[in-house]
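Along the sequence shown, residues carry numbers from 1.
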Amino acid sequence: MISNEYGNVQVQITLSGSRITNCVALELPQGGQSALRSDKVDAAYSGTSGQVVQRQSASLDTVSGATYTSNSYKQSLQAAIDQAG
């Protein structure tokens, strides 16, 4: 889990062999504007058709207006990838 000034971010990946087949945000910052930013980040990165599955790495585009949440998501993702490896 990665913390930033807006809250915690925790990401879980699903693998098939060494390939990422799904990515789910278990925790994202909530409340007010944080929830809106989290929704944008989740929509861009998560799921079977999100950037994580497409790129197979934590090298993702930062979501405009959600820099802290995007960076925390990428850090949590990289930790999950490292743990799986």
Side-chain angles (χ1 to χ4, degrees):
M1 179 173 10
I2 305 298
S3 296
N4 66 43
E5 63 186 86
Y6 300 104
N8 298 322
V9 177
Q10 186 174 11
V11 175
Q12 179 181 47
I13 57 173
T14 303
L15 300 174
S16 177
S18 62
R19 182 163 176 74
I20 300 170
T21 58
N22 194 14
C23 185
V24 177
L26 300 177
E27 187 171 357
L28 289 169
Q30 295 302 310
Q33 292 297 314
S34 292
L36 296 174
R37 291 180 182 97
S38 292
D39 288 347
K40 287 182 180 181
V41 168
D42 196 38
Y45 297 159
S46 298
T48 56
S49 61
Q51 278 189 41
V52 173
V53 171
Q54 291 173 11
R55 297 196 179 171
Q56 295 294 302
S57 76
S59 179
L60 309 172
D61 296 333
T62 299
V63 175
S64 179
T67 303
Y68 287 105
T69 302
S70 293
N71 289 340
S72 295
Y73 192 110
K74 290 185 259 188
Q75 290 173 12
S76 181
L77 172 61
Q78 187 60 57
I81 292 169
D82 292 346
Q83 187 177 27

Determine whether [X] and [Y] fall in the same hydrophobic cluster, where Ile, Leu, Val, Met, Phe, Trp and Tyr are linked whenever their side-chain heavy atoms lie under 4.5 Å apart.
{"X": "Leu28", "Y": "Ile2", "result": "no"}
{"X": "Ile20", "Y": "Val9", "result": "yes"}
{"X": "Leu15", "Y": "Leu60", "result": "yes"}

Tell me whether the count of non-hydrogen atoms from other residues, nucleotides or ligands lying under 6.0 Å of CD in Gln83 goes above 12.
no

Any idea which heavy atoms bring [X] and [Y] closest together, and the distance?
{"X": "Gln56", "Y": "Ser18", "result": "OE1-O, 4.4 Å"}
{"X": "Ala58", "Y": "Ile81", "result": "N-CD1, 4.0 Å"}
{"X": "Cys23", "Y": "Val11", "result": "SG-CG1, 3.2 Å"}
{"X": "Val41", "Y": "Ser70", "result": "CG2-OG, 3.7 Å"}

Less than 4.5 Å apart, any side-chain heavy atom of Asp82 and any of Gln78?
yes

Is there a side-chain contact between Thr69 and Ser34 (heavy atoms, below 4.5 Å)?
no

Main-chain N/O of Asp61 paired to Gln51 side chain as donor or acceptor, under 3.5 Å:
yes

Just by distance, do the side chain of Ser76 and the backbone of Ser72 share a donor-acceptor pair under 3.5 Å?
no

State, without any angle test, whether [X] and [Y] hold a side-chain donor-acceptor pair at a distance under 3.5 Å.
{"X": "Tyr6", "Y": "Ser38", "result": "no"}
{"X": "Gln75", "Y": "Asn71", "result": "no"}
{"X": "Lys74", "Y": "Thr62", "result": "yes"}

Distance col, row Asp42:CG vs Arg37:CZ, nearest 0.5 angstrom, shows 15.5 Å

State the OG-CG distance between Ser46 and Leu77, to the nearest 0.5 angstrom.
9.0 Å

Among Val24, Thr48, Val53, Thr21, the one residue meeting side-chain contact (heavy atoms from CB on, under 4.5 Å) with Thr14
Thr21

